[in-house]
K.L.:
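Got a structure for you, written out below as structure tokens; questions coming shortly.
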Amino acid sequence: MSDSERSPLLAPEPSKRSPKGKQRASHYDDPSETTPLLTGSTATPRYEGENDGSGAADVASLASAASDAQSRKSNKAGSRRSSWIVGIILWLIVFAIIIFGFFLPPALEKYAKQAPVVEPTNLSLESITSNGVRARIQANFRLDGQRVRNEYLRGVGWFAGRVVRTLKTEETKVDVYLADFENELLGSAVLPSVTVSLAQGENTAVDLVAELIPGNAEGIRTIANEWFQGRLNSVRLRGTTNVQLKAAGFIPLGTHHVSEILVFEAKKLPALPSYNITRLHFKEKPVPGGDEKAMGAEVSVTSFNQYPVSLDVPELGFEILVPGCSPHDPRILVAQAETSPMAVRPNEEVVVNANGTIRELPDALVTTCHGSASSPLDMFFKKYLNGEAATIFVRGQKPMRELLPTSVPNTPEWLADIISSITVPIAIPGRSSDNLIRNFSLTDVHFTLPDPLAEPGDPDSVPKVTGTIEVEAALPPELNFSLDVNKVRANADVFYGGSKLGKLDLSVWQDASSKQFPGKDGKESILQIRSRIEDAPLNVTDPDVLTDVIQALLFGNKEVMLSVKAQVDVKVHTILGQLVVKGVPAEGTIPIKPLPRDTFDTLEPQASDIEVVDTTPSSVLLKARVNITNPTPYSAHIPFINVHVLSNGTVIGEAIAKNLDITTGNNTDLIVTALWKPSLGGSVGSQIGRDLISQYLSGYNTSVTLKTHKDSIPSQPLIGEALSKINITVSAPRLNLPGGDENEKTHFIRNAIFHVFSSTATFTLVSPLQHNTLYIERINATALYNHTEPMGRIEYDLPFAAPPGESLTPKLPVQWSLDSVGYGKLKEALGGKMKLDARAVVGVRLGQWTETVWYVGRGIGASVRV
């Protein structure tokens, strides 16, 4: 290269300065290619007002060289204008550098924090990459000086915007850290070059594509879980970057390190969007690669996206967990789930479809918790079936390198790392059990009264119920799999008329069977359950309610409806194996048919094999075999019961039964013990008792009232008191005396023989006692014809015996009524038979007990002999 080509644009200063004012204009008269375009600055004016020596002559020479083309005058004027323009520009540049470099940056920094307005218009994910997300961000940017309160700052910002006009950033990487969590890296973003207008109010549409790279998954998990659990009050984010700025698009402003702390209040953070579970369907599904089956779940969830965010989410894998025994215990993994690809668009419904698989029930799920009778599964079902929201937890599956082949293969590893570190609680709306039990009936009922020898608290000290429970349950349509109930148990509260009667204890597992009828067209399935309960204790807690129930049964004309509220445990066999579901709330009614109105009239009690067990001067203890007819559909076992026997409202004795089994229909040979003791009712009781036994022996239709008392069932005084408010009146057991026809079986005197010539009579007696001898102490009797006409009179005070069975009395003296019609009829019947009536007052003795009774006999067959 020639020297001329290497000539500088700016020439160096000469080695020696020319004397002041001596430089000639012809110095540049013949310029060559080596002549610099701009000479040295030897005559350049200084800012202090001095010159650079001979440099001023160089400038003058430059101006003189141009005078060859024009007149000297015009050349001098043009030279002065150019110098002023260059000087002003240089001065403004220097001034701007001084102002912007030394005085304005602190003010502009404050202005830049207050004036910008950024309005996001759209955020969409263009693609998910192996390292992160490529996102398109669209927003509007403008400066609003009215947001700056300080007038000085507002003026500075306006001035800077007028001068610079636009600001451009080069490609920038921004790192965001969690300031309160040991500066964990939340994520990074690579932003392309952006140019914005700095003019007040002028809008700049920003449209850029950024690469978003997630940071440490542990930090994301920590802040997300704090937020979900409501423990996050605020979030402090520290953003750092090195940004290269250019003013007006080309003036470099250098690289600036920016580090800012942003604080977000928790209440201003976007809330977890509300959602609605629109579909929940369980069914059996085959397990790939084998003949086994698993439980499949299909779930659809909808939510509304209220944010300007648009993205397409690929298939994702999740784990479904339920709470352990306590909030501090590890959650229990029960299923894997996979979501279908979904599209998220601004201001539109988002639909998430997921399919889950439950292969088996973990032991931790069904194991009883320490210090409790329930397992985690029990507690989950208890909430769900009580209508409360039951919480499950959803966590992303870990990357395939760490998990089973159930992972979703298309999920990027970084995304799997993030979602596997975040656990989101999901509330499953509970299902009310109000309509779960459709029918609840108890048939083939058998009652057992308490054992009097049982200690308080012993199951035998309370009444027991045996019967067949038939339940018809409606299964939700989402449960589309087979269920086989094989055992049930429960604790049930029994109510009548809204008041609690007592508790029915079914805590012992009872065998059960079930039959399932699948629903059609999305309707619920019906599960019929049948269980035979044996000796379930019924603990009566309110005797007044029991009284109301019995009165309704005895005197009502419609079914007595007992309502039941129970907590039921069920052993059920499913595709997952044997499962125990505890605490299932069940409500239903037990209809009890009322007793027939003529129940006590149709009992038809008959006594036989009467035996005197013991006697005192005022009482007789009897034992007899009784036959009755039970017209009700219920049976009962009576270990012991003691009831008062009343006549005309006065206690005259007691009836005692032990180990009786009452079945429906005819009941024979029931052993009953009776204590005849009218003195229990005082002096009035003695007379009432005397009249009652006289009527009974005379064959009258007699009845007695049975009434319980506090000691009727020694182990359950409340029941005895409750039943004491109810009087049960029954006919006295009819005598079933041996021999004779049906009409004579109740006659104590079967026939008589009158001897006219000797004025005596003998009677055939049939004693109701088969093991004891009754003694007749005295007799004062009158024989009547046609009920009213006296025929003769017998007065006898010598004791004689009436042994068991038939016996003949001694010849009893007769005083004839010779002038009566009856005596005439007696003579007419001489050698034949006639029907007579009798009235007598008889003194009797049985062991130590003595009594005077009256007797009326009708239609006594009498033979008349000479």
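Worth knowing before you read on, the calculation uses all heavy atoms, side chains too, and leaves out hydrogens, waters and symmetry mates. Residue numbers run from 1 in the order of the sequence given.
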K.L.:
Please list, chain by chain and in numerical order, all residues satisfying side-chain hydrogen bond (donor to acceptor under 3.5 Å, both in side chains) with D548, sequence neighbours excluded.
P.N.:
none

K.L.:
Of the non-hydrogen atoms in N355 and E298, which two are nearest, and what is the gap between them?
P.N.:
OD1-CG, 3.3 Å

K.L.:
Between S514 and L483, which heavy-atom pair has the shortest distance, and what is it?
P.N.:
OG-O, 3.9 Å

K.L.:
Return the CD to CD1 distance between Q336 and I320, rounded to the nearest 0.5 Å.
P.N.:
9.0 Å

K.L.:
Quick check against the 3.5 Å criterion: does S712 have a side-chain atom that pairs as donor or acceptor with the backbone of V643?
P.N.:
no

K.L.:
What verdict does the side chain to side chain contact (heavy atoms under 4.5 Å, CB included) test give for V570 and I529, after you've listed the backbone C-alpha separation in whole Å, the side-chain angles of each residue and the deciding distance to 0.1 Å?
P.N.:
CA-CA 11 Å; V570 180; I529 305 172; 5.9 Å; no

K.L.:
Can you tell me how far apart CG (N353) and CD (E338) are? Round to the nearest 0.5 Å.
P.N.:
12.0 Å

K.L.:
With rounding to the nearest 0.5 Å, note down the distance linking CG in N486 to CD in Q510.
P.N.:
13.0 Å

K.L.:
Any donor-acceptor pair under 3.5 Å linking the side-chain atoms of T668 with those of N627?
P.N.:
no

K.L.:
After noting the C-alpha distance and the side-chain angles of L361 and V334, does the key distance pass the side chain to side chain contact (heavy atoms under 4.5 Å, CB included) rule?
P.N.:
CA-CA 7 Å; L361 296 178; V334 295; 5.9 Å; no

K.L.:
How close do C369 and M379 get, heavy atom to heavy atom, and via which atoms?
P.N.:
SG-CE, 3.7 Å

K.L.:
State, without any angle test, whether N630 and T664 hold a side-chain donor-acceptor pair at a distance under 3.5 Å.
P.N.:
no

K.L.:
What pairs with N666 under side-chain hydrogen bond (donor to acceptor under 3.5 Å, both in side chains), at least two apart in sequence or on another chain?
P.N.:
T629

K.L.:
In Å, rounded to the nearest 0.5 Å, how long is the span from OG1 of T541 to CG of L546?
P.N.:
10.0 Å

K.L.:
Considering non-hydrogen atoms only, spot the tightest contact between Q306 and N347 and give its length.
P.N.:
O-OD1, 3.7 Å

K.L.:
Taking all heavy atoms of L506 and all of A536, pick out the closest pair and write down the distance.
P.N.:
CD2-CB, 3.2 Å

K.L.:
Does T391 use its side chain to pair, donor to acceptor, with the backbone of I426 at less than 3.5 Å?
P.N.:
no

K.L.:
Let me see the working for V366 and V580 under side chain to side chain contact (heavy atoms under 4.5 Å, CB included), right down to the final yes or no.
P.N.:
CA-CA 8 Å; V366 296; V580 179; over 6 Å; no

K.L.:
Please check if the side chain of D535 supplies one atom and the backbone of K464 the other of a donor-acceptor pair under 3.5 Å.
P.N.:
no

K.L.:
Suppose the criterion is disulfide (SG to SG under 2.5 Å): which pairs have a residue in residues 536-590, not counting sequence neighbours?
P.N.:
none

K.L.:
I need the minimum non-hydrogen distance between T339 and P314, along with the two atoms involved.
P.N.:
OG1-O, 4.3 Å

K.L.:
Can you spot which of R395, Q397, R331 makes a side chain to side chain donor-acceptor pair (under 3.5 Å) with E319?
P.N.:
R395

K.L.:
Does a salt bridge link R489 with D569, judged by any charged N lying under 4.0 Å from a carboxylate O?
P.N.:
yes

K.L.:
If we ignore angles and hydrogens, is there a donor and acceptor under 3.5 Å between the side chains of K285 and T357?
P.N.:
yes

K.L.:
Around atom CG of D669, are there more than 12 heavy atoms from other residues, nucleotides or ligands closer than 6.0 Å?
P.N.:
yes

K.L.:
Quick one: list whatever passes side-chain hydrogen bond (donor to acceptor under 3.5 Å, both in side chains) with K571, sequence neighbours left out.
P.N.:
none

K.L.:
Check whether any side-chain heavy atom of F380 sits under 4.5 Å from a side-chain heavy atom of I392, and report yes or no.
P.N.:
yes

K.L.:
Using atom types as modelled and distance alone, determine if a side-chain donor or acceptor of Q528 lies under 3.5 Å from a backbone N or O of I526.
P.N.:
no

K.L.:
What residue pairs, at least two apart or across chains, pass side chain to side chain donor-acceptor pair (under 3.5 Å) with a residue in residues 364-381?
P.N.:
S375-D378

K.L.:
Can you tell me how far CD of E470 sits from CZ of R532, rounded to the nearest 0.5 angstrom?
P.N.:
10.5 Å

K.L.:
Tell me, do M295 and I575 make a side-chain contact under 4.5 Å, heavy atoms counted?
P.N.:
yes

K.L.:
Just wondering, more than 12 heavy atoms not from K487 lying within 6.0 Å of its NZ?
P.N.:
yes

K.L.:
Distance from I728 atom CD1 to L706 atom CG, nearest 0.5 Å?
P.N.:
6.5 Å

K.L.:
Step by step, work out the side chain to side chain contact (heavy atoms under 4.5 Å, CB included) result for N305 and R345.
P.N.:
CA-CA 7 Å; N305 177 28; R345 298 294 180 263; 5.7 Å; no

K.L.:
Using side-chain hydrogen bond (donor to acceptor under 3.5 Å, both in side chains) as the criterion, list what pairs up with T663, not counting sequence neighbours.
P.N.:
N667

K.L.:
Is the shortest side-chain heavy-atom distance between S274 and F304 below 4.5 Å?
P.N.:
no

K.L.:
Determine whether a donor-acceptor pair (N or O, by modelled atom type, separation under 3.5 Å) exists between the side chain of T708 and the backbone of G720.
P.N.:
yes

K.L.:
Are the side chains of L377 and L579 in touch, meaning some heavy atoms are under 4.5 Å apart?
P.N.:
yes

K.L.:
For a quick check under 3.5 Å, do D505 and S507 share a side-chain donor-acceptor pair by atom type?
P.N.:
yes

